[in-house]
Amino acid sequence: MIDYFAEERSEDVVNARMGPDVSPRLAEVMTSLVKHLHAFAKDVELTQDEWGLAIEFLTRTGQMCDGNRQEFILLSDVLGLSMLVDAINHRRPSGATENTVLGPFHVAGAPQYAMGTNISLDGKGETCLFVGQVRTIEGLPIAGARIDVWCDNADGYYDVQQPDTQPQWNNRGVFVTEADGTYSFRGIRPVSYPIPDDGPVGKMLAALGRHPNRPAHMHFLVSSPGYQTIVTHTFVEGDQWLSSDAVFGVKASLVASMERGDDTAWRSSFDFIMTPSGV
Ligand code: BEZ
Ligand code: FE
């Protein structure tokens, strides 16, 4: 008997069309996707108008993308999907530094500086000394670890968002840990900022009664041969958006101290605990 489309068995009818030579993983992923997509439409009794709106929304999301703007990743971020995929793929032993979203503003190739260098090139903001150590779970220092850092300027924008007004590499740099695993650099006390919200994702957030703000943070990408790369941020303690980050990136273990240092500049201390590769 021909298995024509039928509402009650819709997902089975679609999945039965799959060919015999599909890779097992693709078959697993697509079968589940169709199952959940159809279950969702049935659950909410999706109307024709709503389906049309969704197609329009996804079309606008695609049209918003170019070499500098990735609206689909932003959509994934605000739906919590980016954090979920990150969590599934970076389960680490207790005590190891947790990952969080990379975000769209990392730029490879930032200058490497000597310890203590100030990465703030536009003279704005409150100076902050970032210090800490990279070590193993057992407490052994990791020398030569590469620490790539980036954050927004005091106005809440990354250099790549304002190429005409901010110096290139403003608030970015690479540092390599000393023999005792320590690092230190100067920058600014990070400020909170809204994710780009002038596109369909921003409109969706507004329709859902959600704000677009991220709590103040410094991005860190820490790598060393033989260890899992850590993609994370440290968050400024006490920030008003810590409990409602637009992209769900906050984890309690990533909230770092922010204290007045001896010279009245700020001081933020955070140690990175690396996990061996393959664990
Ligand atoms: C960021 O922290 O740079 C970021 C992360 C996700 C979406 C937008 C910005
Ligand atoms: Fe950021």
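Counting convention: from 1, in listed order, for ligands and their atoms alike.
- Applying the side-chain contact (heavy atoms from CB on, under 4.5 Å) criterion to P167, with sequence neighbours excluded, gives L121, D122, N170.
- Taking the ring centre of W241 as origin, the terminal cationic atom of R214 falls outside the region bounded by 6.0 Å and 45° from the ring axis.
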Below 3.5 Å, can you tabulate the donor-acceptor pairs from side chains in residues 104-120 to any protein atom, sequence neighbours excluded?
| unit_1 | atom_1 | unit_2 | atom_2 | d |
| --- | --- | --- | --- | --- |
| H106 | NE2 | D148 | OD2 | 2.9 |
| T117 | OG1 | A114 | O | 2.6 |
| N118 | OD1 | S120 | N | 2.9 |

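- In the displayed structure, F5 atom CZ is contacted under 6.0 Å by more than 12 heavy atoms of other residues, nucleotides or ligands.
- Here the CE-CD distance, from M258 to E237, works out to 8.0 Å after rounding to the nearest 0.5 Å.
- Residue K35 qualifies as open at atom NZ: its count of foreign heavy atoms under 6.0 Å is 12 or below.
- Taking the six-membered ring for Trp, H38 and H36 have ring centres at least 6.0 Å apart.
- Ring centroids of F270 and F130 are separated by 6.0 Å or more, keeping the two rings apart.
- A ring-centre distance under 6.0 Å is not found for Y183 and F175.
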Within the protein, flag every N or O under 3.5 Å from an N or O of ligand 1, and note the pair and distance.
| unit_1 | atom_1 | unit_2 | atom_2 | d |
| --- | --- | --- | --- | --- |
| ligand 1 | 2 (O) | Y193 | OH | 2.7 |
| ligand 1 | 2 (O) | R214 | NH1 | 2.5 |
| ligand 1 | 2 (O) | H217 | NE2 | 3.0 |
| ligand 1 | 2 (O) | H219 | NE2 | 3.0 |
| ligand 1 | 3 (O) | Y158 | OH | 3.4 |
| ligand 1 | 3 (O) | Y193 | OH | 2.8 |
| ligand 1 | 3 (O) | H219 | NE2 | 3.2 |

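- Near the Fe ion (ligand 2), less than 2.8 Å away, sit the protein N, O or S atoms Y158 OH, Y193 OH, H217 NE2, H219 NE2.
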